[in-house]
Amino acid sequence: MIQASGPPDRIAIVGAGIMGLFTAHHLARAGAGPITVVDRGWLSNGASGRNGGGVRQQWETRATVRLARESVETYRRFGREFGYNIWFRQGGYLFLAETETEQRHLAQVVSVVQSEGLDGRLVKPEEVPRYAPGLVTSGLLGGSYLRSDGTLYPFPALWALKEAIIQQGVDLRLGTDVTGVRVDAGRVTGLDTSAGVLPATIVVNAAGGWSRELSARAGLSVPNQATRHEILATEPVKPFLDPMVTRLRDGLYFSQTMRGEIVGGLSLAHPPGTQAGMLSSPAFLRAMARALVGILPSLRHLGVLRAWSGFYDDTPDGLPVIGEDPRLRGFVHANGFGGHGFMLAPAASRRVAQAVLQEKTDLDPGLFSVDRFLTPGTGRPVEGLQLG
Ligand SMILES: Cc1cc2nc3c(=O)[nH]c(=O)nc-3n(C[C@H](O)[C@H](O)[C@H](O)COP(=O)(O)OP(=O)(O)OC[C@H]3O[C@@H](n4cnc5c(N)ncnc54)[C@H](O)[C@@H]3O)c2cc1C
């Protein structure tokens with residue numbers, strides 16, 4: 001896409017979440033540009049400022065394990081590279097299975113993870129309290145555990161990337177709504193924004209839960225679906241829990257922050273779309289309190305400090321959408337990350353930058369290109385280890 005001759009491409013990235021900021025960083029480092037990042041809100045307006053900070057490499061698709069493993073490496077050196085402590089703590093991820101089907105699922109995940117050279121393992125019910133003291137094990141058939149998974153604190157990652165891209169000469173425009181995508185003769189020519197027209201030969205759709213709306217503004221129909229997910233943080237207690245604990249049955253997940261708060265959520269059906277806004281519901285508070293106290297009765301006296309919500313950007317197969325849309329020259333997808341975009345962002349955004357630069361990537365287009373939804377086909381892989 002970057003022109004071999006003639007004026008350089010003008011790149012506009014919609015969304016200043018973790019995907020948009022990381023993509024801008026990779027592109028600026030490669031000397032591409034000029035680059036503008038536009039967001040209608042503030043830096044952590046979207047899911048990037050509302051997530052549980054979980055970073056795991058346990059997946060059932062090999063390609064996702066690889067993106068996650070590369071991202072873990074980036075997060076491990078993030079502090080040295082960007083000068084911000086993101087409190088990345090590799091306390092592991094512990095998945096819990098209560099049925100034979102769930103156990104088989106975890107066994108399959110562990111075999112993929114191990115074949116990728118990671119130290120994942122199956123866990124017996126009696127081993128669980130070693131990782132999560134006080135956890136009720138009745139009804140458990142087993143679990144899986146990977147020590148190098150972990151949690152981080154999302155905000156400093158966003159602050160660091162913001163500072164980095166500004167130093168790299170990227171034009172960051174917060175509080176600027178993108179209301180239209182300009183198209184001429186099958187290619188992108190710019191954006192209509194609340195602050196006027198922004199000329200662009202490349203538009204990166206990193207709009208998270210609003211990516212479907214942005215694609216529609218470019219005349220493109222995509223199957224992405226925003227779904228609201230709720231989450232809460234409790235009062236702090238003395239640190240006792242190392243891993244992120246996740247239960248397959250109901251998507252319950254929780255971890256303990258370094259300040260001692262328990263942060264987590266669980267699956268609760270909400271109508272799809274962004275119209276309902278990012279609110280919390282008493283139904284979630286009740287369901288989450290019941291689930292948490294049921295599995296860790298010692299938490300029963302804890303108060304909830306905060307509850308909030310944000311949007312997952314889901315795709316039908318649970319895999320993200322990365323790369324240029326074959327229907328519109330210059331329109332590049334960086335979306336569809338569901339409930340795991342923060343943990344995949346460092347590696348995924350590098351592939352988005354490669355797509356913009358028209359460099360070869362190691363990504364399987366059958367898995368990540370929007371093409372997979374445009375051409376009918378069967379038997380394609382699905383990433384089924386979704387939670388929250
Ligand atoms: C409750 C919850 C828990 C989660 N837990 C985890 C977790 O533990 N680990 C993990 O890896 N992931 C988790 N996720 C998912 C993760 O947060 C997201 O996948 C990731 O942050 C997506 O980043 P993004 O940059 O693609 O989108 P976002 O961070 O949503 O950013 C998109 C941005 O685009 C802007 N935008 C949209 N439309 C327009 C427009 N028309 N004009 C201008 N700006 C626009 C928005 O304002 C927003 O700031 C969770 C998500 C939620 C909601």
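Start at 1 with the first residue, then count along the sequence. All figures in this text were calculated on a predicted structure; none of them were measured in a lab. Both counts, for ligands and for their atoms, begin at 1 and track the order of listing.
The N/O atoms of G338, backbone and side chain alike, include one that comes under 3.5 Å of an N/O atom in ligand 1. No N or O atom of L214 sits closer than 3.5 Å to an N or O atom of ligand 1. Considering backbone and side-chain N/O atoms, M19 comes within less than 3.5 Å of an N/O atom of ligand 1. Where the criterion is an N or O separation shorter than 3.5 Å, residue side chain and backbone included, S48 meets it with respect to ligand 1. Residue contacts with ligand 1: N45 is placed with a nitrogen or oxygen under 3.5 Å of a nitrogen or oxygen of the ligand (distance criterion only). For ligand 1, the polar-atom distance check finds an N/O of G339 within less than 3.5 Å of one of the ligand's N/O atoms. Inclusion of G54 in the set of residues having an N or O under 3.5 Å from an N or O of ligand 1 is warranted. Considering both main-chain and side-chain atoms, A16 never comes within under 3.5 Å of ligand 1 through any nitrogen or oxygen pair. Ligand 1 has an N or O atom lying under 3.5 Å from an N or O atom of F342, backbone or side chain. By the 3.5 Å distance cut-off applied to N or O atoms, R40 is counted among the residues near ligand 1.
Less than 4.0 angstrom separates some heavy atom of G15 from each of these atoms of ligand 1: 33 (C), 34 (O), 35 (C). In summary, the atoms of ligand 1 found under 4.0 Å from a heavy atom of H340, numbered by their order in the structure, are 10 (C), 11 (O), 12 (N), 15 (C). The contact set between ligand 1 and H229, taken as ligand atoms under 4.0 Å from a residue heavy atom, comprises 1 (C). Those atoms of ligand 1 that come under 4.0 Å of a heavy atom in D177, given as number and element, are 40 (C), 41 (N), 42 (N). Every atom of ligand 1 is numbered from 1 in the order shown, and the set under 4.0 Å from a heavy atom of Y312 is 2 (C), 50 (C), 51 (C), 52 (C), 53 (C).
Heavy-atom separations between T176 and ligand 1 include at least one value shorter than 4.0 Å. Using a 4.0 Å heavy-atom cutoff, R217 is listed among the residues neighbouring ligand 1. Close to ligand 1: I18, with a non-hydrogen atom less than 4.0 angstrom away.
Heavy atoms of A206 found under 4.0 angstrom from ligand 1 belong exclusively to the backbone. If you look at M343 next to ligand 1, the close heavy atoms, those under 4.0 Å, come from the backbone and the side chain alike. Counting heavy atoms under 4.0 Å from ligand 1, residue Y253 touches it through the side chain alone. The proximity of D39 to ligand 1, defined as any non-hydrogen pair under 4.0 Å, involves the side chain as well as the backbone.
Judged by the 6.0 Å distance and 45° axis criteria, R56 is positioned over the aromatic ring of W59.
Nearest-residue assignment for atom 1 (C) of ligand 1 (options M278, R50, R56; heavy-atom criterion): R50. Of the listed residues (A207, A334, G265), the one carrying the non-hydrogen atom nearest atom 37 (C) of ligand 1 is A207. Closest to atom 31 (O) of ligand 1 by heavy atom, among G17, A68, G175, A226, is G17.
Salt-bridge annotation for R259 and E261: present, with a side-chain N of the basic residue lying under 4.0 Å from a carboxylate O of the acidic one. The pair R173-D39 does not meet the salt-bridge criterion, since no charged nitrogen lies less than 4.0 angstrom from a carboxylate oxygen. Salt bridge present: R351 and E70 bring a charged side-chain N and a carboxylate O closer than 4.0 Å. Between E81 and R29 there is a salt bridge, since a side-chain N of the basic residue sits under 4.0 Å from a carboxylate O of the acidic one. Checked for salt-bridge contact, D313 and R212 miss the test: no charged N lies under 4.0 Å from a carboxylate O. With salt bridges taken as basic N to acidic carboxylate O contacts below 4.0 Å, one links D177 and R40. A salt bridge links D250 with R247: at least one charged nitrogen is closer than 4.0 Å to a carboxylate oxygen. The residues E116 and R69 are annotated as salt-bridged, a charged nitrogen and a carboxylate oxygen being separated by less than 4.0 angstrom. Ion pairing between R306 and E235 fails under the 4.0 Å rule for side-chain N and carboxylate O.
Side chains of E383 and H340: no donor on one and acceptor on the other come within 3.5 Å. Checking N224 against N335 by side-chain atom types alone, a donor-acceptor pair falls below 3.5 Å. Side-chain atoms of N205 and S215 include a donor-acceptor pair closer than 3.5 Å.
Ranking the protein heavy atoms by distance from atom 4 (C) of ligand 1 puts N51 CB, 3.2 Å first.
Looking at R217 and R182, their side chains never come closer than 4.5 Å, going by heavy atoms from C-beta outward.
For the side chain to side chain contact (heavy atoms under 4.5 Å, CB included) with L220, the qualifying choice from V181, V370, L328, L374 is L328, the only one to do so.
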